[in-house]
Undergrad: 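This structure is in structure tokens; I'll ask about it shortly.
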Amino acid sequence: MPELPEVETTRRGIRSALRGRRISEFVLRNHKLRWPVDHKLAQVLPGRHVRDVRRRAKYLLIDLDGGTLIAHLGMSGSLRVLPCETPWLKHDHYEIRLDKGSCLRFNDPRRFGSLHWVTGDPLEHPLLAGLGPEPLGAGFDGAYLAGRAKGRKVAVKQFLMDQRIVVGVGNIYASEALFRAGIHPRRAAGKVSPERYARLAAAVQAVLGEAIKQGGTTLRDYVNADGTPGYFRQKLYVYERDGQPCRKCHTPIRKLAQGQRSTYFCPSCQK
DNA sequence: ATGGGCACCTGGCTGC
DNA sequence: TGCAGCCAGGTGCCCA
């Protein structure tokens with residue numbers, strides 16, 4: 001999926017098109033996403049206005065009068081703003097039609113995405129309640145990471161991707177942040193020094209911030225709200241670069257498997 | 001509590 | 001050309 005930078009880029013793209021607008025219709029073409037989408041949304045949503053579009057972790061929160069839509073893009077999902085007359089494409093699953101002829105449409109080949117409607121505080125929804133701090137907000141730094149890592153034997157790369165520890169870091173940016181911090185992805189989380197956690201926290205913030213500026217990373221499916229790809233791919237140091245020379249020391253980048261996911265690293269720069 | 005593995009699903013690529 | 005096998009921006013859940 002889209003990781004934090006891609007979700008944030010999507011948020012910025014759809015927010016300007018949605019805010020203040022009135023929903024005229026909700027069309028559910030395929031309710032079989034990660035969790036079944038409630039067909040009643042077709043009755044519940046029309047007439048409501050969009051107050052704001054927020055992001056928490058990799059979830060988009062679309063605040064309406066009297067409730068919030070919680071949308072997740074899964075691995076391959078994208079939300080785009082389109083003219084209402086645009087024909088349905090393969091893997092288009094739902095559409096929020098707005099006044100003035102535009103609509104927000106969700107496309108997701110793998111259907112790992114989701115859509116929930118809540119009338120209370122969305123941050124208290126079970127999917128969101130246990131999430132860790134935002135990496136670009138207060139409460140995330142090296143001291144925090146070091147504290148959470150005490151005694152943990154899990155590899156630091158998997159630790160960093162645990163959304164209960166810190167949100168938003170997925171498979172691409174975990175490898176990239178560890179490279180920037182010079183930390184070997186297989187090192188036990190509890191055996192990384194506080195000094196190196198300070199470097200790692202700064203690296204996470206830097207790589208996510210830079211990726212947001214570039215509109216995210218497009219590998220395959222991901223497109224922004226206006227259909228354009230993200231341009232951060234050319235700035236990646238290690239992800240999907242196995243066998244190619246390290247951009248700092250020219251040692252070939254290596255690939256390994258951790259928790260059924262690929263990890264990329266430089267065996268010379270990362271210890 | 002922690003760690004490890006599987007499941008959900010489709011499509012694109014590789015190699016025989 | 002056909003097809004099996006493997007891999008892909010995530011994460012909830014089950015088991016030891």
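Residue numbers begin at 1 in each chain, while the letters A, B, ... track the order of the sequences. All values derive from a computational prediction rather than experimental measurement.
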Undergrad: I'd like the P distance from B:dA7 over to C:dG5, given in whole Å.
TA: 16 Å
Undergrad: Provide the full list of side chain to side chain donor-acceptor pair (under 3.5 Å) pairs with a residue in residues 201-210 of chain A, sequence neighbours left out, each pair given once.
TA: A:Arg180-A:Glu210
Undergrad: Using the P atom in both, what is the distance from B:dG5 to C:dC7, to the nearest Å?
TA: 15 Å
Undergrad: Please enumerate all residues that pass side chain to side chain contact (heavy atoms under 4.5 Å, CB included) together with A:Arg199, with sequence neighbours excluded.
TA: A:Ala181
Undergrad: For Watson-Crick and G-U wobble pairs within 3.5 Å on both distances, what is DNA chain B written in dot-bracket notation, | included for inter-strand pairing?
TA: .|||||||.|||||||
Undergrad: Among side-chain atoms of A:Thr68 and A:Asp63, is any donor-acceptor pair under 3.5 angstrom?
TA: yes
Undergrad: Less than 3.5 Å apart, which donor and acceptor atoms pair up between the side chains of residues 115-126 of chain A and the rest of the protein, not counting sequence neighbours?
TA:
| unit_1 | atom_1 | unit_2 | atom_2 | d |
| --- | --- | --- | --- | --- |
| A:Asp121 | OD1 | A:Leu123 | N | 2.9 |
| A:His125 | ND1 | A:Leu127 | N | 3.0 |

Undergrad: Under 4.0 angstrom, heavy atoms only, what part of the nucleic acid is A:Lys32 near: base, sugar-phosphate, or nothing?
TA: nothing
Undergrad: If two hydrophobic side chains count as joined below 4.5 Å and joins carry through other members, does A:Leu61 share a cluster with A:Leu131?
TA: yes
Undergrad: Pairs in or reaching into residues 157-179 of chain A: which pass side chain to side chain donor-acceptor pair (under 3.5 Å), with residues at least two apart or in two chains?
TA: A:Glu6-A:Tyr173, A:Lys157-A:Asn171, A:Lys157-A:Thr263, A:Asp162-A:Arg164, A:Tyr173-A:Thr217
Undergrad: Assigning hydrophobic clusters by single linkage (Ile, Leu, Val, Met, Phe, Trp, Tyr; side-chain heavy-atom cutoff under 4.5 Å), is A:Val192 placed with A:Leu178?
TA: yes
Undergrad: Can you give the donor-acceptor pairs under 3.5 Å from side chains of residues 30-46 of chain A to other protein atoms, not counting sequence neighbours?
TA:
| unit_1 | atom_1 | unit_2 | atom_2 | d |
| --- | --- | --- | --- | --- |
| A:Asn30 | OD1 | A:Lys32 | N | 2.9 |
| A:Asp38 | OD1 | A:Lys40 | N | 2.9 |

Undergrad: Enumerate all atom pairs, one protein N or O and one N or O from nucleotides 14-16 of chain C, separated by less than 3.5 Å.
TA:
none

Undergrad: Taking any atom closer than 4.0 angstrom to a non-hydrogen atom of chain A, what span of DNA chain B does the protein reach, first nucleotide to last?
TA: B:dT2 to B:dG11
Undergrad: In residues 254-266 of chain A, which residues come under 4.0 Å of DNA chain C by heavy atom?
TA: A:Arg261, A:Ser262
Undergrad: Hey, which of A:Arg55, A:Lys213, A:Arg15 is the one that makes salt bridge (charged side-chain N to carboxylate O under 4.0 Å, His left out) with A:Glu8?
TA: A:Arg55
Undergrad: Once you round it to whole Å, what is the distance between C1' of C:dT11 and CG of A:Leu73?
TA: 14 Å
Undergrad: A:Met161 and A:Leu236: same hydrophobic cluster, using ILVMFWY side-chain contacts below 4.5 Å?
TA: no
Undergrad: Please find the pair of heavy atoms, one from A:Arg21 and one from A:Leu98, that lie closest to each other, and give the distance.
TA: NH2-CB, 3.9 Å
Undergrad: Tell me which residues in residues 107-117 of chain A put a heavy atom below 4.0 Å from DNA chain B, sorted by number, or none.
TA: A:Pro109, A:Arg110, A:Arg111, A:Phe112
Undergrad: With sequence neighbours left out, write down each residue that passes side chain to side chain contact (heavy atoms under 4.5 Å, CB included) with A:Ser78, or none if nothing qualifies.
TA: A:Asn107, A:Val223
Undergrad: When you check the gap from the basic side-chain N to the acidic O, do A:Asp99 and A:Arg22 get nearer than 4.0 Å?
TA: no
Undergrad: Please identify each residue that fulfils side chain to side chain contact (heavy atoms under 4.5 Å, CB included) with A:Glu240, with sequence neighbours left out.
TA: A:Leu219, A:Arg220, A:Arg233, A:Tyr264
